[in-house]
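Presented below is the structure to which this report refers.
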Amino acid sequence: IEIMQDLFKRTFEGLRLVHYIPYHRAMDTVHPGDRLRLETANRSTSENYLELLGANEWLGTDFLSWLLYCTMNRSSEYKMNRPGYFEMGADYVAYINDKLALAGEGEGGTQTITVNGPQTSFNEVRSALQAGKRIYEATIHLETGDEKWALTLNGRLFHFAGYSCPDVRIEKDNTVDELMEREAVFFERMNLMDKGLQLFHSLFAEFLCDRLDSGWCEVSADIQRWIQGEEAGE
């Protein structure tokens, strides 16, 4: 980070970097009509970014818990070794899988647990949630058509620990100019990265719509019932 800051200062004289924390991302993502609700939900009494960050960790933990619940309870399709899809209209699907990290306070201080590998019921995760731990990191999958993205989101800072996009292949034959083809591949790669970010922001906006709605208490209660294993058939 220090190297990046130094390079930025030397490259863009007179400009400065600012901290872009989850609350700022939420403000940029939320529907304009819900911004007042987000301001009301803000648990910080200061504009200091550290206080905004610490007081609003609920943005990340609630988002990941909500998405986990939606993955298993708002899906219309199920595949072996893969959780259900959370369908976002006809445009794309989103789901959590592969890796989740949880943390909570214990007798010896903060205790963490990591669950790896494809999930079908998330029983280990639910047990950890029942014990008071909260999800702070998870791998999120986004799909539209044949295109697939995967990102590991750190919910505390909202940064991506990993981000994979659909493959772009370089055409290699005598009729293709190699330099032009590499430039085309670069721009296509940038386009796919941007498209994945747009899908992620759409998903986050959907969460904020739910989270800031007056019906969130009912949604939250449904999530807690699912965590406790109280849905039908359990």
Side-chain angles (χ1 to χ4, degrees), residues 1-5 8 16-32 34-71 86 88 92-104 110 112-115 125 128-129 133-143 148-165 190 192-213 216 219-220 223:
I1 293 176
E2 290 177 355
I3 293 173
M4 173 63 190
Q5 289 175 332
F8 184 91
R16 65 185 182 90
L17 292 167
V18 296
H19 293 280
Y20 192 61
I21 58 177
Y23 182 76
H24 297 151
R25 185 186 292 272
M27 268 297 182
D28 289 343
T29 304
V30 72
H31 187 277
D34 286 332
R35 283 180 180 168
L36 181 58
R37 291 182 179 181
L38 180 57
E39 290 176 358
T40 303
N42 176 17
R43 297 176 183 174
S44 173
T45 57
S46 168
E47 290 298 314
N48 178 278
Y49 86 94
L50 285 176
E51 293 189 24
L52 280 170
L53 182 65
N56 292 296
E57 282 193 4
W58 60 270
L59 282 166
T61 56
D62 284 3
F63 172 56
L64 292 174
S65 296
W66 170 86
L67 182 55
L68 178 64
Y69 171 78
C70 291
T71 294
F86 173 30
M88 302 296 294
Y92 69 98
V93 294
Y95 57 93
I96 283 182
N97 201 16
D98 300 345
K99 176 186 176 181
L100 294 97
L102 305 94
T110 301
T112 61
I113 179 174
T114 301
V115 180
V125 175
L129 291 170
K133 292 181 172 59
R134 311 186 85 179
I135 305 172
Y136 70 87
E137 187 173 280
T139 299
I140 299 173
H141 295 260
L142 302 163
E143 301 182 7
K148 300 179 181 181
W149 293 259
L151 59 94
T152 299
L153 177 73
N154 181 300
R156 290 170 174 163
L157 300 175
F158 261 64
H159 68 236
F160 298 168
Y163 183 37
S164 63
C165 299
M190 293 299 102
L192 288 170
M193 291 181 68
D194 185 60
K195 185 176 180 179
L197 289 174
Q198 290 181 34
L199 293 176
F200 172 76
H201 286 139
S202 295
L203 179 65
F204 188 44
E206 184 72 13
F207 157 73
L208 291 172
C209 183
D210 257 12
R211 180 62 177 79
L212 301 173
D213 187 76
W216 172 251
V219 175
S220 180
I223 294 174

Verdict with supporting geometry, Y92 and E143, side chain to side chain contact (heavy atoms under 4.5 Å, CB included): CA-CA 5 Å; Y92 69 98; E143 301 182 7; over 6 Å; no
Provide the closest heavy-atom pair for R43 versus A55 in the form atom of the first, atom of the second, distance.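 R43 and A55 have their closest heavy atoms at CB-O, 3.3 Å.
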Ignoring hydrogens, what is the shortest heavy-atom contact between A94 and L142? Give both atom names and the distance. CB-CD2, 3.6 Å
Ignoring hydrogens and geometry, is there a side-chain-to-backbone donor-acceptor pair from [X] to [Y] under 3.5 Å?
X    : Y    : value
D213 : W216 : no
H201 : L197 : yes
N56  : L52  : yes
N154 : L157 : yes

Taking ring pair (Phe, Tyr, Trp, His ring centres under 6.0 Å) as the criterion, tell me which of W149, F207, F160 meets it with F200. F160
Pairing donors with acceptors under 3.5 angstrom, does anything connect the side chains of D210 and W66?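 Result is yes, a qualifying pair exists.
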Taking the six-membered ring for Trp, are F204 and F158 parallel (under 30°), tilted (30 to 60°) or perpendicular (over 60°)?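 Tilted.
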Less than 4.0 Å between a side-chain N and a carboxylate O, is that true for E57 and R134?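 Judged by the 4.0 Å cut-off on N to carboxylate O distance, R134 and E57 do not form a salt bridge.
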Evaluate side chain to side chain donor-acceptor pair (under 3.5 Å) for H141 paired with D98, printing each intermediate quantity in order. CA-CA 9 Å; H141 295 260; D98 300 345; 2.7 Å; yes
If you draw a 6.0 Å radius around NE2 in H31, do more than 12 non-hydrogen atoms from other residues or ligands fall strictly inside?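 Incorrect, the count does not exceed 12.
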With side chain to side chain contact (heavy atoms under 4.5 Å, CB included) as the test, pick out the partner of T71 among I96, I140, V93.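 Result: among I96, I140, V93, I96 is the only option passing the side chain to side chain contact (heavy atoms under 4.5 Å, CB included) with T71.
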I'd like to check L68 versus Y95 (side-chain heavy atoms, cut-off strictly below 4.5 Å). Are they in contact? no
Would you say L212 and T40 make side-chain contact, with heavy atoms under 4.5 Å? no
Under the side chain to side chain contact (heavy atoms under 4.5 Å, CB included) rule, what do Y20 and H159 come out as? Steps first, then yes or no, please. CA-CA 10 Å; Y20 192 61; H159 68 236; over 6 Å; no
Supply the atom-to-atom distance L203 CG to L67 CG, rounded to the nearest 0.5 angstrom.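 If I round to the nearest 0.5 Å, the distance is 5.5 Å.
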